[in-house]
Every structure is written in structure tokens, then in C-alpha cells.
Asks: 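I have a structure I would like to understand better, so I am pasting it below and will then ask my questions one at a time.
Just so we're on the same page: letters track the sequence lines, and every chain starts at 1. The structure displayed is predicted, hence computed values, not measured ones.
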2 protein chains.
Amino acid sequence: MAASELRQEDACRTRAVLDLVGDKWSLLVVRYLSQGPHRFTELKREIDGISQRMLTVTLRALERDGILTRTVHNVMPPHVSYELTPMGRTLREAALPLLEWSVTNLAHIDAARAEYDARTSPA
Amino acid sequence: MAASELRQEDACRTRAVLDLVGDKWSLLVVRYLSQGPHRFTELKREIDGISQRMLTVTLRALERDGILTRTVHNVMPPHVSYELTPMGRTLREAALPLLEWSVTNLAHIDAARAEYDARTSPA
DNA sequence: CTGAATCCTGTATGATACTG
DNA sequence: CAGTATCATACAGGATTCAG
């Protein structure tokens, strides 16, 4: 489908994407897993500021949606690895333009904010 | 920048995008404005389920970030029109792949959820 | 190590009424 | 018409504790 062909009836899809990856951590998890399989503690360490609880919740949701797989290795000590599914990898690809946009425009946005704030609350 | 060149140090950017458009309504507003300038009431009517308050809050945030412009026409009755800035239009373009991904994979996700639920809560 | 369970709080969001 | 102000609420998210 060409980008320009998205139509009105896709509005609900917008909500669907946001419900999926619009939370605070999902895209970050997908980001790190795109570099290869990771273990729980690795993700916990790499994703700055995430709590155990939110990592668990986020991983469960993404597993349920078929974005990643959870594999338990029955060894001692216990071992669980998470890995993107093929669909998870396509999600990562689809999210990249937005991330690139962010990298490109963040400075511009900061400038816009500063100007707006100066304009609305002068002195 | 090539998609494959995004690196670890861009992690913070992921948060920046989500802070910008990861809320419930921003992308929907951008969506409708990509079809041309709209007035407050038009947006209110077209975006299903949004409250006056959230439309106001969302529009203000997007205006502050330089995504759209707010133009007050001094006529009677009052008249305010909202329009995407050039940066706003590039944001819309950057978000399109994710929306297309959603359209393509939503059925797949529903299936994954159903299977997951069946697997975890059997009967 | 990898979680699950519980409790607690802030923020986002919504409903309603009022105003230039 | 296009908001603002106020109040109410739900859910995300954090801290802590417990368990296989």
C-alpha cells in the first residue's frame, strides 16, 4: 500500500497502534531486542529507569501480541530469553522512520518550545 | 540517515517521540490536519470520543512543539483554524509506515492474542 | 535469576458548568 | 464558536516484598 493511500477509515488503526506501542516502554523493549535475544536482567539493566514490574508487564503484553517470544531454559540457575518474532522485526522496521524523524527534528522542537514559552509567558 | 544506522545512543530519542505523539490523541489530530486546515469544532466532531478539554490540551501541546499553527480570525462569530506546519507534515509522513504496519498486522495480532489467551487460560 | 503479588501515588483523561 | 475552570476517576507506573 502506498503511503498516500491511507484513508479516513483507517482512523481506528491509529488508535490500535497507540494501544500497542504507545505506552512508555514497549518501543524501547523492541529496540533492544532488535539487536538480538536478551535475558530479563539484561533488559532490566539496559533500559534505563524501567522497574521490574513494568518490564514484566511490557514483556507479557508484547508476547501476547505476538511481537516477541519467551523461552524458558530449564537450567540452574533459571534462564529466560526474549526474542523478536518475524512480526516483531517488521514492527521495528515500521517504527524506524518515526525515530529518525525524532533525531532529525528534536532540536527544532526544542527551539519551537522555547519560542512558544517566551511568547506566552513573557518575563 | 539510513534506517540501519540507528544506534544505541538514540535510545533517548525513542522516549522523545513517545512523549510527543505517544498520547491518546496527538496522532489523530495530526491525521485530520494532514487533510488541510480545520476549525476547533470540526476537529471535535471528527475525532470520535475526544472531549473539549483533551482537544484543547492536545492542540496546545502540538502548537508548542511547532507541529501546528493556531490562527485566530477576528470576526463575529469567533473563528480559529489549525493547520500543520511543514515540520508537522514531515511528522505525518514519518508516522505513516507505522500506521500501514498496523493495517497490515492487526488481524495477525488479534490471532496471536486469541492463541495466547487460549494457551494461558485453558477452559 | 526471574518473576508474581501487593500497595500506593501521580498523571492523564473525562464530565460538567461557565465565559468572552 | 472556542475555549477555561473545576471536580472526579481510572489507570499507568513505582516501591516493596515474597516465591519457584
Asks: Check the distance between dA15(D)'s P and Ile50(A)'s CD1 and give it to me in whole angstrom.
Replies: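 Rounding to the nearest Å, CD1 of Ile50(A) and P of dA15(D) are 12 Å apart.
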Asks: Flag the pair Ser26(A) / Val29(A) as yes when at least one side-chain heavy-atom distance between them is below 4.5 Å, and no otherwise.
Replies: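 A side-chain contact under 4.5 Å is absent here.
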Asks: Whole angstrom is fine here: how far is it from CG in Leu55(B) over to P in dT13(C)?
Replies: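 Result: 13 Å.
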Asks: What is the separation between atom NZ on Lys24(B) and atom C1' on dA10(D), rounded to the nearest whole Å?
Replies: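 About 10 Å, once rounded to whole Å.
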Asks: Atom CG of Leu43(B) to atom C1' of dG3(D): distance rounded to whole Å?
Replies: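 Value for this atom pair: 14 Å.
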Asks: Inspect the contact between Asp19(A) and Arg15(A) and indicate whether a charged nitrogen and a carboxylate oxygen are less than 4.0 angstrom apart.
Replies: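 Salt bridge between Arg15(A) and Asp19(A), a charged N being under 4.0 Å from a carboxylate O: yes.
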Asks: Any idea which of dG3(C), dT4(D), dC1(D) is nearest the Arg39(B) side chain?
Replies: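 That would be dC1(D).
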Asks: Is the phosphate of dT4(D) approached by Arg53(B) (side-chain N or O, under 4.0 Å from OP1 or OP2)?
Replies: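 No, Arg53(B) has no side-chain N/O under 4.0 Å of OP1/OP2 on dT4(D).
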Asks: Just how far, in rounded Å, is P of dG3(C) from CG of Leu59(A)?
Replies: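 So the two atoms are 7 Å apart, to the nearest Å.
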Asks: Consider the side chain of Gln52(B), meaning its heavy atoms from C-beta on, and name the nucleotide among dG13(D), dT4(D), dC1(D) that approaches it most closely.
Replies: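 That would be dT4(D).
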Asks: Can Glu46(A) and His38(A) be counted as having a side-chain donor-acceptor contact under 3.5 angstrom?
Replies: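 Yes, because at least one side-chain N or O of Glu46(A) sits under 3.5 Å from a partner of the opposite role on His38(A).
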Asks: Select from Ser51(A) and Pro78(A) the residue whose nearest nucleotide in DNA chain D is closer to the 5' end of that strand.
Replies: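 Result of the comparison: Ser51(A).
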Asks: Step through the shown structure and confirm whether more than 12 heavy atoms of other residues, nucleotides or ligands are within 6.0 Å of NE2 on His73(A).
Replies: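 Count over threshold, so yes.
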Asks: Can you tell me the distance, in whole Å, between the NE2 atom of His73(A) and the C1' atom of dG3(C)?
Replies: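 After rounding, the gap between these two atoms is 15 Å.
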Asks: How close or far is atom P of dG14(C) from atom CG of Asp23(B), stated in whole angstroms?
Replies: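 Result: 10 Å.
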Asks: What is the separation between atom CG on Asp19(A) and atom P on dT13(C), rounded to the nearest whole Å?
Replies: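 That distance rounds to 12 Å.
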Asks: Using only atom types and a distance under 3.5 Å, with no angle test, would you say the side chain of Glu42(B) pairs donor to acceptor with the backbone of Arg39(B)?
Replies: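 Present.
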Asks: Kindly point out which of dT4(D), dG3(C), dG14(D) is positioned nearest to the side chain of Arg60(B)?
Replies: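 Closest nucleotide among those given: dT4(D).
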Asks: How do Trp25(A) and Tyr82(B) order along DNA chain D: which one's closest nucleotide is nearer the 5' end?
Replies: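 On the 5' side of the pair lies Tyr82(B).
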